Amino acid sequence: MSSRWQKIGAHNSFSLIGIEETLLGGQSFAWSPYDPNQWVGLIRQSLVRFKWLEGQLFWVLESGEKITKDELCHYLWLDDSYITALNNLPWRSDPVLGRAVNKFSGLRILRQPMEEVLLVFILSSAKSIPQIKLLCQKVYKLFGNEVSPGFYSFPGWAKLKNLHETEARNLGMGYRAKYLVGTAQYLSANPDFLTEVQNFPYLKARSMLMKLPGVGPKVADCILLFGAEKNEAFPIDTWILQSLEKQYGMSGWKLSQMEEFARIHFGEHAGLAQQFLFSYQRNLTKLN
DNA sequence: CCTCAGGTAAGAG
DNA sequence: CTCTTACCTGAG
C-alpha cells in the first residue's frame, strides 16, 4: 500500500528533528507518533499520516474528508513566505537564535484553525503536553465527529456551548472549566468575533482576545501565532522566560520589557524566532 | 504528604 | 502598571 504515499514538496527545507518538533512540540496537540519517523493526526476532518524518508516528507490520507496538497502545504507553512520570514530573523548576528535555527532546521509554525487553537490553549494553562492532549480528547469525544476509530475532531464552539461547568469539571478541567464556559457564551453572543479579531492588526487583535475569559497575554499570543498567521505574536511562556533569562541574560527584566525586546530584536516574524528558542530551551538537556 | 506546573484573574500597593 | 496570590488537578 506504500503507493498511496505522496511526496509533499521538492525543496521543503525540513529536517527530521524539525518536523518532529513542529508536530509534537506543543503548538498543536493533534499529532501522535506512529511508526518511527511517522506521525498521525487530524487536520479538521481529515486523518493524515506523515512520513519522513530519505530527507523527504510524504503524506497519505488515512480517512475522513479529502484534503488537497495545497491545503497541506498551507497547514505546514511550506510556501516561500517561510523562507522570507526565516531570512528576516537575526540568526546570523544572534548566536543563541543561530544555534536554535541550526539545530531545529526547518521548524515551522503550523497554521491551525483559530477556533480550535483558542480551545486547546485555554485548556493548556499549567498543564503538560500529555495532559492537554488527554483533556482535549475527552472534550472532542463528547461533541466531536469520529473521523476514524479513536480519532475525534474538534467540535466547534457552537457545540461546546452545551458543555456545562459541572460537566467540564468532571472531565478534569479544574478552574479552566469556567473559562471554557464563559468563552463559549461570549462567542455565542458574538458569532463573528474571531473573524473580526483576525482582521485587526496584531496589537488590537491581542487586546480583543484578552477580553475572553481564560485568555491572557500568553494564550492570546498563541492564538494569534498558531491560529491567525500573526507572526509578530511572541508568546512568553516559562520556556521562553528561561531562554531570555539564561541565554540572553535578561534576569530581572519585566515582562513588558521582554516583549519590547522581542519586538525590536526579532521584528515582524518574532513568533518564528520564539518557536526556535522555545524548542531549543525545552530540549536543552537532550541536545548535549 | 507536599510542591509545583507551558497561565489567568482579582486585589493591593 | 507591577506584584502577589488563589484557582483545579495530577504528576513527581
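From a predicted model like this one, the values you see are computed outputs, not experimental measurements. As a basis for the values below, the full set of heavy atoms in this structure was taken, side chains included, without hydrogen atoms, waters or symmetry mates. Just so it is clear: chains get the letters A, B, ... in the order the sequence lines come, proteins before strands, and each one is counted from 1.
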Worksheet, complete the sentence: Here the distance between atom C1' of C/dT9 and atom NZ of A/Lys178, to the nearest Å, is 13 Å
Worksheet item: Between C/dC8, B/dG6, B/dT8, which nucleotide gets closest to the side-chain atoms of A/Tyr175?
Response: C/dC8
Worksheet entry | Neighbours of DNA chain C within residues 254-267 of chain A, by heavy-atom distance under 4.0 Å | A/Lys254, A/Ser256
Discussion item. In whole Å, I'd like the distance from the CG atom of A/Leu244 to the C1' atom of B/dG6.
Written reply: 14 Å
Worksheet item: Between C/dC8, B/dT8, B/dG6, which one does the side chain of A/Asp237 approach most closely?
Response: B/dG6
Fill in: A/Lys159-A/Asn162 side chain donor-acceptor pair, cut-off 3.5 Å
no
Worksheet item: Just by distance, do the side chain of A/Ser243 and the backbone of A/Trp239 share a donor-acceptor pair under 3.5 Å?
Response: no
Worksheet, complete the sentence: Here the distance between atom C1' of B/dG7 and atom NZ of A/Lys218, to the nearest Å, is 8 Å
Worksheet entry | Residue pair A/Glu71 / A/Thr68, side-chain donor-acceptor N/O under 3.5 Å | yes
Fill in: Spacing between A/Leu180 atom CG and C/dT9 atom P, to the nearest angstrom
15 Å
Worksheet item: Can you check whether A/Lys138's main-chain N or O pairs, donor with acceptor, with A/Tyr152's side chain at less than 3.5 Å?
Response: no
Fill in: Nucleotide B/dG6, atom C1' - distance to NZ of A/Lys133 in whole Å
15 Å
Worksheet entry | Earlier contact from the 5' end, DNA chain B, for A/Phe29 and A/Met210 | A/Phe29
Worksheet item: Would you say the side chains of A/Gln198 and A/Thr195 form a donor-acceptor pair under 3.5 Å?
Response: no
Discussion item. Looking only at the side chains, is there a donor atom on one of A/Ser46 and A/Glu65 sitting less than 3.5 Å from an acceptor on the other?
Written reply: no
Worksheet entry | A/Arg44 to A/Tyr75, cation-pi by 6.0 Å centre distance and 45° axis angle | no
Discussion item. So A/Gly182, base contact, sugar-phosphate only, or nothing? Heavy-atom distance under 4.0 Å.
Written reply: nothing
Worksheet item: Taking atom C1' of B/dG6 as reference, at what distance in whole Å does atom CG of A/Leu225 sit?
Response: 14 Å
Worksheet, complete the sentence: Ranking B/dG6, C/dC8, B/dG7 by distance to the side chain of A/Phe278, first place goes to B/dG6
Discussion item. Between B/dA9 and C/dG10, how far apart are the two C1' atoms, rounded to whole Å?
Written reply: 22 Å
Discussion item. Measuring only the P atom in each nucleotide, how far is B/dG6 from C/dT2? A whole number of Å is fine.
Written reply: 24 Å
Discussion item. Classify A/Pro235 by what it touches in the nucleic acid, base, sugar-phosphate, or nothing, heavy-atom distance under 4.0 Å.
Written reply: nothing
Worksheet item: Taking the P atom of each, how far is C/dC8 from B/dG11, in whole Å?
Response: 15 Å
Worksheet item: Touch check for A/Leu212, heavy atoms < 4.0 angstrom, all strands: base, sugar-phosphate only, or nothing?
Response: sugar-phosphate
Fill in: Under-4.0 Å side-chain N/O to phosphate OP1/OP2 contact, A/Arg282 with B/dG6
no
Worksheet item: Looking at A/Phe226, is A/Arg111 sitting on its ring face, NZ or CZ under 6.0 Å from the six-membered ring centre and within 45 degrees of the normal?
Response: no
Worksheet item: Going by distance alone, is a donor N or O of one side chain under 3.5 Å from an acceptor N or O of the other, for A/Glu245 and A/Ser251?
Response: no
Discussion item. I want to verify a distance call: between B/dG6, B/dG7, C/dC8, whose nearest atom is closest to the A/Tyr179 side chain?
Written reply: B/dG7
Polar atom pairs between nucleotides 2-5 of chain B and protein, under 3.5 Å, N or O only, would you list them?
none

Fill in: Aromatic ring pairing A/Phe261/A/His265, orientation class (parallel under 30°, perpendicular over 60°, tilted between)
parallel
Worksheet item: Between A/Phe234 and A/Phe266, how do the two ring planes meet: parallel, tilted or perpendicular, split at 30° and 60°?
Response: parallel
Item to complete: Check for a donor-acceptor pair, side chain of A/Asp94 on one end and backbone N or O of A/Val96 on the other, with a separation under 3.5 Å.
Response: yes
Discussion item. Output the rounded distance in Å from CE (A/Met173) to P (B/dG7).
Written reply: 18 Å
Item to complete: Calculate the interatomic distance between A/Ile132 atom CD1 and C/dT9 atom P; express it in whole Å.
Response: 17 Å
Response to the item:
Listed range with range, the stems formed with DNA chain B by at least 3 consecutive Watson-Crick or G-U pairs (under 3.5 Å) are B:2-5 with C:9-12, B:7-13 with C:1-7
Worksheet item: Hey, is NZ on A/Lys178 packed in by over 12 heavy atoms from elsewhere, all under 6.0 Å?
Response: yes
